[in-house]
2 protein chains.
Amino acid sequence: MLKKERHQFIMDKFKEADKVNTIDLALELEISEDTIRRDFNELHNKGLIEKVYGGAFLVKDKSRNIFDINIVNEDKKIIVGQKALSFLREGQVIIMTGGTTNLSFCKLIPIDFSATIYTYSLPIAMQLSQHPNIELIFIGGKLQKNAMVTVGIDVVQVLSKIKADVCFIGVSSLDVNQGLTEMGYEVSIIKKEMINASDKIIVLATSDKINGKMPHKVCGLDRIDAIVTELSPTSPRIKNFADAGARLF
Amino acid sequence: MLKKERHQFIMDKFKEADKVNTIDLALELEISEDTIRRDFNELHNKGLIEKVYGGAFLVKDKSRNIFDINIVNEDKKIIVGQKALSFLREGQVIIMTGGTTNLSFCKLIPIDFSATIYTYSLPIAMQLSQHPNIELIFIGGKLQKNAMVTVGIDVVQVLSKIKADVCFIGVSSLDVNQGLTEMGYEVSIIKKEMINASDKIIVLATSDKINGKMPHKVCGLDRIDAIVTELSPTSPRIKNFADAGARLF
DNA sequence: AAAGATAATGCATTATTATGCACGTTTTAA
DNA sequence: TTAAAACGTGCATAATAATGCATTATCTTT
């Protein structure tokens with residue numbers, strides 16, 4: 001029996017019982033307790049079990065991988081993403097902001113889609129790196145850890161020098177009168193710059209972002225070419241936007 | 001029986017069992033264990049199997065989620081990372097290259113460690129973003145998708161302007177005579193620049209990178225302040241490095 | 001088809017890993 | 001507090017792996 005098999009065997013034991021016992025395992029597998037102890041040590045070092053005097057317990061809450069991002073309201077965001085696909089054109093130069101709505105959108109982009117995409121979001125970049133035909137340019141800078149985007153003068157400087165066909169922009173809040181507003185000052189500055197650099201502005205927003213105001217204004221409704229939500233464009237919840245002349249999808 | 005047939009035969013074995021055994025295969029095919037081992041090595045290098053002492057396992061359906069990175073030889077890389085921790089100092093300015101060895105290292109950095117870290121690797125940045133006291137600066141540029149690092153003139157330009165205390169550098173290959181060499185031209189240029197910008201150079205390498213040569217030279221052994229491997233510094237496998245005066249850890 | 005070049009294989013040697021045992025230390029429970 | 005049980009460490013041994021080298025097989029080119 002190979003060591004790895006034994007390790008697997010031990011881990012499987014936890015399906016039957018909460019605790020495994022050093023001696024029992026040694027007897028069952030007909031090997032020395034020393035070997036079981038060494039196995040325990042290795043499994044412990046991998047963070048899989050917790051050693052106790054006489055045996056071991058399974059570690060339950062194995063802190064889930066930091067790399068997998070939890071998307072709240074993913075179903076709604078997928079609807080938004082699906083609708084937004086119609087704004088994609090092959091060969092475009094695209095600016096993509098961060099946020100989980102944009103991330104859901106990026107997951108839906110056809111695998112062989114070809115374009116040049118600028119982004120300042122780490123998760124978005126990870127996602128888009130799966131697309132072989134997308135030329136991906138990451139805008140560097142100081143990392144803002146909560147949003148997983150880069151900020152600072154370097155980001156603004158890069159953006160000031162580029163020209164894009166379209167910007168897919170996620171939002172903190174969207175209001176009929178205030179337009180697009182942001183929670184953080186730095187991100188608001190950067191988004192302004194992104195909008196400046198782009199011909200068309202497509203806003204991706206789930207309905208919970210609608211009719212809210214944040215301290216820092218990014219741009220007015222008039223500058224936005226399309227607002228994509230999971231709601232029907234005729235939904236009463238966004239009638240005020242329709243009345244104000246916003247292009248809803 | 002051709003080598004390719006044998007490889008296919010081995011892979012087919014996994015349909016019957018979870019593992020294959022080196023000796024059993026040698027007996028069944030009536031060839032030497034050496035050949036089976038060489039087959040295992042080749043299949044391992046293709047990422048198809050995982051070698052263990054006494055046999056091999058099939059590599060399971062590789063990460064459905066693009067965000068979780070599969071680290072081959074993680075155990076060895078963890079040993080390297082553990083040793084490398086002793087080179088960290090609070091408050092340093094650090095340059096961190098990419099690669100899974102460096103990623104393993106970053107996972108081991110104490111959560112409250114405080115420093116300024118520059119990197120051009122997406123996964124490394126994702127990992128380090130978990131550390132609240134690390135000021136993380138991502139070096140932007142065009143994304144090279146296989147290595148998940150940024151390349152291009154922008155990267156070089158940023159690096160030419162900074163000064164770091166230490167650079168933790170992963171390698172393609174490390175050779176006594178050639179020193180540090182890289183597979184890709186662009187990355188070799190960038191690593192040169194990183195070395196230029198740093199006072200101390202710490203090389204992190206598992207033993208499989210040792211005694212190999214790649215087309216693009218990065219720097220000689222004399223510029224390297226420490227080579228950290230999973231082996232003992234006195235191991236005969238790296239005796240030639242010790243003889244050449246390299247500082248092994 | 002033959003000669004030379006290249007790759008594959010096996011063998012001998014050395015290195016590494018896994019395992020059990022002995023023995024001293026730590027932990028548990030009465 | 002004490003004795004038994006469990007643990008950790010160093011060591012010896014055996015199994016497995018890696019490496020260099022010689023040999024054999026395969027491919028290329030003429």
Side-chain angles (χ1 to χ4, degrees), chain A residues 1-10 13 19-46 49-57, chain B residues 1-11 13 19-46 48-57 72-80 82-83 173-177 205-213 228-243 248:
Chain A
M1 188 178 213
L2 301 177
K3 188 169 68 159
K4 181 162 172 155
E5 288 182 275
R6 218 169 47 233
H7 287 188
Q8 189 57 56
F9 185 89
I10 292 171
K13 273 282 163 195
K19 180 196 170 187
V20 294
N21 184 306
T22 314
I23 295 177
D24 291 348
L25 269 174
L27 288 173
E28 186 172 359
L29 298 175
E30 294 179 315
I31 53 172
S32 76
E33 293 169 40
D34 303 68
T35 301
I36 297 294
R37 289 198 189 96
R38 272 184 273 245
D39 289 340
F40 282 172
N41 282 332
E42 289 183 38
L43 292 170
H44 170 74
N45 286 336
K46 287 183 187 170
I49 66 170
E50 182 194 343
K51 284 196 302 174
V52 294
Y53 193 82
F57 284 85
Chain B
M1 189 178 210
L2 296 173
K3 187 167 71 157
K4 192 161 180 175
E5 291 180 86
R6 220 170 44 233
H7 286 189
Q8 190 55 54
F9 185 89
I10 292 171
M11 295 310 290
K13 273 280 163 196
K19 63 141 191 187
V20 294
N21 184 305
T22 314
I23 294 176
D24 291 348
L25 266 176
L27 288 172
E28 185 172 358
L29 298 176
E30 293 179 316
I31 53 173
S32 75
E33 292 169 39
D34 304 66
T35 302
I36 296 293
R37 290 200 186 96
R38 274 184 271 245
D39 289 340
F40 281 174
N41 281 331
E42 290 183 38
L43 292 169
H44 168 76
N45 288 336
K46 286 182 188 169
L48 298 172
I49 66 168
E50 180 195 347
K51 284 194 305 171
V52 297
Y53 191 84
F57 285 77
V72 296
N73 288 328
E74 187 163 19
D75 328 5
K76 288 181 184 174
K77 286 170 183 173
I78 288 173
I79 296 172
V80 174
Q82 289 283 7
K83 291 193 199 176
S173 285
L174 196 57
D175 179 82
V176 173
N177 300 312
T206 46
S207 55
D208 54 309
K209 309 288 176 56
I210 279 170
N211 292 322
K213 283 176 221 167
V228 183
T229 76
E230 88 277 15
L231 305 172
S232 154
T234 57
S235 165
R237 285 175 67 187
I238 47 178
K239 183 169 186 304
N240 49 349
F241 282 85
D243 293 345
L248 299 165

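Naming: A, B, ... by sequence-line order, numbering from 1 per chain. Every value quoted in this text rests on a predicted model; they were computed, and no experiment measured them.
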Write down the distance between CD (A:Glu42) and C1' (D:dG8), rounded to a whole number of angstrom. 15 Å

Distance check: side-chain N/O of A:Lys51 vs OP1/OP2 of C:dT26, anything under 4.0 Å? no

So, the side chain of B:Lys83 versus the backbone of B:Thr229: is there a donor-acceptor pair under 3.5 Å, distance only? yes

Counting heavy atoms not belonging to A:Lys19, are there more than 12 under 6.0 Å from its NZ? yes

If I take atom CD in residue B:Glu33 and atom P in nucleotide C:dT9, what distance separates them, rounded to the nearest angstrom? 15 Å

How many Å lie between CG on A:Asp39 and P on C:dG20, as a whole number? 10 Å

Indicate whether OP1 or OP2 belonging to D:dA17 is found under 4.0 Å from a side-chain N or O atom of B:Arg37. yes

Please evaluate the base of C:dT28 for a donor-acceptor partner in the side chain of A:Tyr53 within a cut-off of under 3.5 Å? no

Taking 4.0 Å as the cut-off, does a side-chain nitrogen or oxygen of A:Arg38 come that near to OP1 or OP2 on C:dG20? no

Return the 5'-most residue of the pair A:Gly54, B:Asn41 with respect to DNA chain D, ranking by each residue's nearest nucleotide. A:Gly54

What is the separation between atom CG on A:Asn21 and atom C1' on C:dT28, rounded to the nearest whole Å? 14 Å

I need the CD-P distance between A:Glu5 and C:dA18, as an integer number of Å. 14 Å

Is there a side-chain contact between A:Thr22 and the phosphate of D:dC7, meaning an N or O under 4.0 Å from OP1 or OP2? yes

Phosphate contact (C:dA8 OP1 or OP2) by B:Thr35 side-chain N/O below 4.0 Å: no

To the nearest Å, give me how far apart CG (A:Leu25) and P (D:dA6) are. 13 Å

Whole-Å gap separating P (D:dA17) and CG (A:Leu2): 9 Å

N/O donor-acceptor pair under 3.5 Å between A:Glu42 side chain and A:Asp39 backbone: no

Once you round to the nearest 0.5 Å, how far does CD of B:Glu50 lie from NZ of A:Lys4? 3.0 Å

Using only heavy-atom distances, decide whether a donor-acceptor pair under 3.5 angstrom links the side-chain of B:Asp34 to the base of C:dC11. yes

Return yes if a side-chain donor-acceptor contact under 3.5 Å exists between B:Ser235 and B:Ser232, otherwise no. no

In whole angstroms, how far is the P atom of C:dT17 from the NE2 atom of A:His7? 15 Å

5'-most contact on DNA chain C (nearest-nucleotide basis), B:Leu231 vs B:Lys3, goes to B:Lys3

Whether B:Ser235 contacts C:dA15 is assessed here as follows: a side-chain N or O lying under 4.0 Å from the phosphate OP1 or OP2. Is that the case? no

Tell me what B:Lys239 touches on the nucleic acid: a base, only sugar-phosphate, or nothing, going by heavy atoms under 4.0 Å. nothing

